[in-house]
Amino acid sequence: MHHAGLAMAVTLATFNVKDLLEPRLDAKLAWIAAAIARCDADVVGLQEIGPPALLDAVVDRIAPAGSRGGYLAPLVGTADARGIRCALLSRLPPVHAQVHTTDALPFPVFRVGDPPPFGARIPLRRGIVHARVDAPGLGLVDVFVAHFKSSRPVPLRDAAGSEIATDRPRGRAEGTVRGMSWRAAEALFVRGLVDDVQAARSDALVAVMGDLNDVPDSPVLRVARGEGPGELLDCAARVEARERFSTIHDGRRIQIDHVLASPPLYAHLASARFVNEGLRMHDPLPPSGVAAPTVDSDHAPFVVRFG
């Protein structure tokens, strides 16, 4: 559906807010609200959202007071064991909205009839949030919000589920391969969701965005983008190389937050920017995996405008 006479423009943003969990921090709610307002995006994909009530509290704080930034009721995904999930805010009423979940992520076999190589060992811990919005002048845009497995190694566990420690390089390397396989399985799942939309409409306007926990030239991102007809294109390529970072890890500026667009949508790409002024490196996670609460995030929002 196209809107005759209206400007062709829609702005998307992705932002990992970092641990929007209890205990409730009023300063953090206000900080996130200000960051979202600074993006001024029509559709915002969020990661690490805890209780939905906290997201509502954030939206209530978006200036000007009482406006909620023009955003409608949030669409929230399913949470992982830590209680964090993806969410989507939109100023445009969705014509379709759902959260994609599955009990286990399949992994490719080499020959038909082979047993699944990992059985049901790879869960989709955080549901993929999906909204189809009618963008003025552009038409229907399908937006998927994802948060892939972190780059931390996944340990081997015994039959009872207890972690088996290792001090051998091979054992540590196996943990890295498990983590990469997990992200690759998530990327395959999202790629299949995009395929379904493109099979229904070959000229579909599609965006996949979120904290994909890998860099642009990684195998995981290549899986998510796909190859050939229907390949998703990297909107960050429009950003100057020195500004192309969304987090600082071990002192290195890297990009692990992405907006990927189908060719018909990418053709309308007008601008892209990382809101990374003031981004700082946070302390690494302690062995417990639970960090002290922070007001700010260790990720920068990524804002992309089409039109």
Side-chain angles (χ1 to χ4, degrees), residues 11-50 54-65 67-71 74 84 86-89 91 145-148 150-152 209-216 234-260 269-286 290-305:
T11 302
L12 309 181
T14 182
F15 183 28
N16 182 330
V17 304
K18 188 185 181 184
D19 293 339
L20 183 59
L21 294 164
E22 303 287 7
R24 179 169 168 165
L25 296 172
D26 280 342
K28 186 171 184 71
L29 300 178
W31 188 90
I32 295 171
I36 293 173
R38 198 158 56 245
C39 294
D40 191 24
D42 301 301
V43 181
V44 184
L46 300 167
Q47 300 87 50
E48 298 206 14
I49 298 299
L54 288 184
L55 179 55
D56 284 327
V58 166
V59 179
D60 284 341
R61 286 164 170 76
I62 298 177
S67 74
R68 293 175 56 91
Y71 293 110
I84 59 171
C86 297
L88 183 144
L89 295 175
R91 293 167 172 162
V145 182
H147 183 190
F148 289 175
S150 77
S151 59
R152 290 189 296 277
M209 58 186 187
D211 174 5
L212 305 187
N213 264 315
D214 229 324
V215 294
D234 181 7
C235 294
R238 185 64 62 91
V239 181
E240 286 190 39
R242 60 188 175 87
E243 298 295 334
R244 206 179 298 162
F245 65 95
S246 63
T247 193
I248 304 174
H249 183 69
D250 290 338
R252 296 181 301 118
R253 295 176 169 185
I254 59 174
Q255 183 208 341
I256 59 176
D257 299 87
H258 303 269
V259 177
L260 311 175
L269 179 60
S271 65
R273 63 187 173 99
F274 289 94
V275 189
N276 49 23
E277 308 85 0
L279 181 68
R280 68 181 181 91
M281 187 172 73
H282 287 224
D283 293 334
L285 274 179
V290 179
T294 65
V295 171
D296 61 339
S297 175
D298 53 354
H299 291 251
F302 182 32
V303 185
V304 178
R305 182 178 180 275

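Because only heavy atoms are used, hydrogens play no part in the values below, and waters and symmetry mates are left out as well, while side chains stay in.
Residues satisfying the ring pair (Phe, Tyr, Trp, His ring centres under 6.0 Å) criterion with Phe274, sequence neighbours excluded, are Phe302. With sequence neighbours left out, the side chain to side chain contact (heavy atoms under 4.5 Å, CB included) criterion links Asp26 to Arg24, Leu29, Arg61. With sequence neighbours excluded, the residues forming a side chain to side chain contact (heavy atoms under 4.5 Å, CB included) with Arg273 are Val275, Val303, listed by chain and number. Partners of Ile84 under the side chain to side chain contact (heavy atoms under 4.5 Å, CB included) rule, at least two apart in sequence or in another chain, are Leu21, Glu48, Asp80, Arg82, Arg126, His147. Every residue two or more places apart in sequence or in another chain that forms a side chain to side chain contact (heavy atoms under 4.5 Å, CB included) with Leu25 is listed here: Lys28, Pro293. In this view, Asp40 and Arg91 satisfy the salt bridge (Lys or Arg N to Asp or Glu O under 4.0 Å) rule, not counting sequence neighbours. Partners of Asn213 according to the side-chain hydrogen bond (donor to acceptor under 3.5 Å, both in side chains) rule, which considers only residues two or more places apart in sequence or in another chain, do not exist here. Residues forming a salt bridge (Lys or Arg N to Asp or Glu O under 4.0 Å) with Arg68 (at least two apart in sequence, or on another chain): Asp60. With sequence neighbours excluded, the residues that form a salt bridge (Lys or Arg N to Asp or Glu O under 4.0 Å) with Asp214 are Arg183. Remark: Ser297 pairs with no residue by the side-chain hydrogen bond (donor to acceptor under 3.5 Å, both in side chains) rule, at least two apart or across chains. Residues forming a side-chain hydrogen bond (donor to acceptor under 3.5 Å, both in side chains) with Arg305 (at least two apart in sequence, or on another chain): none.
Screening residues 236-250 for salt bridge (charged side-chain N to carboxylate O under 4.0 Å, His left out) gives Glu240-Arg242 as the qualifying pairs, with residues at least two apart or on separate chains.
Note that the CH2 atom of Trp31 and the CD1 atom of Ile36 stand 9.5 Å from one another [nearest 0.5 Å].
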